[in-house]
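Single-structure report; data block below.
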Protein chains: 2
Amino acid sequence: MKTTISGCPIEDAMRLLSGRWRTLLVYYLIDGKKRFAQLRRDNPKISHRILTHELRALESAGVITRTVIPGKIAHVEYELTEAGHKLVPLINALGDWYEDLQRRRQAEAPQLTAS
Amino acid sequence: MKTTISGCPIEDAMRLLSGRWRTLLVYYLIDGKKRFAQLRRDNPKISHRILTHELRALESAGVITRTVIPGKIAHVEYELTEAGHKLVPLINALGDWYEDLQRRRQAEAPQLTAS
DNA sequence: TGTAAATTACGAACAATTATGTGACTGCCC
DNA sequence: GGGCAGTCACATAATTGTTCGTAATTTACA
């Protein structure tokens with residue numbers, strides 16, 4: 001999903017947030033600054049290449065900031081911007097919505113197993 | 001994004017809604033039932049195959065219903081479920097958030113063009 | 001004290017997996 | 001002959017992952 005088709009901001013928002021990792025990364029940054037390696041530990045399944053790529057995408061969109069801490073070894077800190085923090089309740093709401101959806105599905109189809 | 005990794009409902013919600021079309025289709029169903037061909041007219045860039053596929057995915061997730069209208073020619077109506085309607089304000093909020101993000105970006109970087 | 005190994009944050013080349021699209025075709029009706 | 005709602009086989013585009021290498025510094029251990 002590289003290109004925009006509808007010009008609708010909803011499509012743009014989804015273009016930014018689609019994919020497996022971006023919302024999860026935002027989620028893991030809720031409690032404050034984290035370093036690259038810490039984010040890898042948070043979700044061990046992500047490859048470093050993808051992590052780099054996804055973080056850069058979020059950075060260039062203005063959702064997070066990337067700060068290189070000068071000194072001894074290279075240290076990089078990632079942190080939500082104000083806009084990033086505003087996103088948090090929205091993705092939480094999506095998670096809640098999904099859980100509610102699942103509950104409905106289970107309640108609506110009891111005849112599948114019961115007689 | 002076929003598989004789940006984190007088990008987090010946020011990831012599940014994104015797995016359901018990721019991609020170019022799904023949120024747009026929900027959006028176009030806000031004002032009520034629509035038929036297949038009507039949805040194609042709403043967004044002419046979607047291919048019929050993908051439209052079918054995306055609608056089926058939303059249906060099997062419980063976001064929309066698919067109703068075949070019996071009679072003469074094949075007629076199919078798609079409509080948001082109650083859960084689908086609950087999703088609407090969330091994706092609208094995402095659109096608003098994105099617009100706000102864009103405004104910030106423009107306000108934050110005036111030095112790029114000004115002296 | 002010296003050397004090997006690990007950590008940190010990547011970049012480049014390549015490979016696999018998913019998503020999306022095209023064109024041809026169907027059966028039905030007016 | 002054209003609209004409706006698809007299906008099927010195929011093709012391309014986009015996303016996501018794997019492997020290898022880098023440069024610096026810190027720790028492990030003999």
Side-chain angles (χ1 to χ4, degrees), chain A residues 1-6 8 11-26 28-29 33-61 64-79, chain B residues 1-6 8 11-26 28-29 33-61 64-79:
Chain A
M1 194 168 164
K2 269 189 177 169
T3 61
T4 293
I5 280 187
S6 66
C8 172
E11 185 187 346
D12 289 329
M14 290 309 290
R15 198 174 67 237
L16 173 58
L17 299 175
S18 275
R20 190 199 304 287
W21 301 113
R22 301 203 182 165
T23 50
L24 285 177
L25 291 176
V26 170
Y28 279 116
L29 284 171
K33 297 174 190 177
K34 282 196 177 168
R35 300 223 312 248
F36 188 85
Q38 182 57 48
L39 287 168
R40 293 205 67 185
R41 271 177 245 118
D42 285 337
N43 21 8
K45 295 288 188 72
I46 200 172
S47 73
H48 69 278
R49 194 180 95 74
I50 298 302
L51 181 53
T52 302
H53 181 260
E54 299 299 87
L55 288 171
R56 294 292 160 85
L58 290 172
E59 184 203 2
S60 75
I64 64 175
T65 55
R66 177 178 181 272
T67 313
V68 179
I69 310 290
K72 7 193 165 186
I73 317 185
H75 284 300
V76 184
E77 281 180 349
Y78 294 93
E79 190 176 15
Chain B
M1 192 166 162
K2 271 189 176 169
T3 61
T4 293
I5 280 187
S6 67
C8 172
E11 184 186 347
D12 290 329
M14 291 309 291
R15 197 174 66 237
L16 172 59
L17 299 175
S18 274
R20 190 199 303 286
W21 301 113
R22 303 205 180 162
T23 50
L24 286 176
L25 291 176
V26 170
Y28 280 115
L29 285 171
K33 298 174 188 176
K34 283 197 176 166
R35 301 225 312 252
F36 188 85
Q38 182 58 48
L39 287 168
R40 291 204 67 187
R41 270 178 244 116
D42 285 338
N43 22 13
K45 294 289 188 70
I46 199 172
S47 74
H48 58 282
R49 195 180 89 79
I50 297 302
L51 180 54
T52 302
H53 182 259
E54 298 300 87
L55 288 171
R56 295 292 160 86
L58 290 172
E59 184 202 4
S60 75
I64 64 176
T65 56
R66 176 178 182 273
T67 314
V68 178
I69 309 292
K72 6 191 168 188
I73 319 184
H75 283 299
V76 185
E77 282 181 348
Y78 293 95
E79 189 175 16

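Proteins come first, then strands; the chains are lettered A, B, ... in the order of their sequence lines, and each starts at number 1. These numbers come from the heavy atoms of this one structure, side chains and all, not from hydrogens, waters or symmetry mates. The structure displayed is predicted, hence computed values, not measured ones.
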Determine whether I46(A) and I5(B) make a side-chain contact, defined as any pair of heavy atoms from C-beta on separated by less than 4.5 Å. no

| said: At less than 4.0 Å, is any side-chain N or O atom of R41(A) found next to OP1 or OP2 of dT7(C)? Yes or no. | reply: no

Of the candidates dT8(C), dG11(C), dA5(D), the side chain of T52(A) sits closest to dG11(C)

At under 4.0 Å between heavy atoms, what does R56(A) touch on the DNA or RNA strands: base, sugar-phosphate, or nothing?
sugar-phosphate

Check every strand shown and say whether S47(B) touches a base, only sugar-phosphate, or nothing at a heavy-atom separation below 4.0 Å. base

Original post:
Under 4.0 Å between a side-chain N or O of Y78(A) and OP1 or OP2 of dC10(C)?
Top reply: yes

For this session: May I ask you to say whether E11(A) pairs ionically with R20(B), meaning some side-chain N is under 4.0 Å from a carboxylate O?
Result: yes

Residue pair G19(A)/V76(B) against DNA chain D: nearer the 5' end by closest nucleotide is V76(B)

From CD1 of I50(B) across to P of dT12(D) the rounded distance in Å is 16 Å

note: H75(A), atom NE2; dA24(D), atom P; distance rounded to Å ~ 15 Å

In whole angstroms, the gap separating C1' of dT15(D) from CH2 of W21(A) amounts to 13 Å

**Study point:** Electrostatic pair R22(B)-E54(B), nearest N-O below 4.0 angstrom
**Key:** yes

I73(A) atom CD1 is separated from dA23(D) atom C1', nearest whole Å, by 11 Å

Original post:
Side chain of R49(A), base of dT18(D): donor and acceptor closer than 3.5 Å?
Top reply: yes

**Message:** Would you say NE2 of H53(B) has more than 12 non-hydrogen atoms from neighbouring residues, nucleotides or ligands within 6.0 angstrom?
**Reply:** no

Atom CD of Q38(A) and atom P of dT8(C) are separated, to the nearest Å, by 9 Å

Between CD of E54(A) and P of dA9(C) the distance, given in whole Å, is 18 Å

Query raised in the report: Side-chain donor or acceptor of H48(B) under 3.5 Å from a matching atom on the base of dT7(D)?
Result: yes

To the nearest angstrom, the CE-P distance between M1(B) and dT16(D) comes to 8 Å

Have a look at H53(A) and say if it touches a base, only the backbone sugar-phosphate, or nothing, with a 4.0 Å heavy-atom cut-off.
nothing

Of dA19(C), dT8(C), dA5(D), the nucleotide closest to the side chain of A37(A) is dT8(C)

Hey, does F36(A) have a side-chain heavy atom less than 4.5 Å from the side chain of T52(A)? yes

From CZ of F36(A) across to C1' of dA6(C) the rounded distance in Å is 16 Å

Check: Are R40(A) and dC10(C) close enough that a side-chain N or O sits under 4.0 Å from OP1 or OP2?
Finding: no

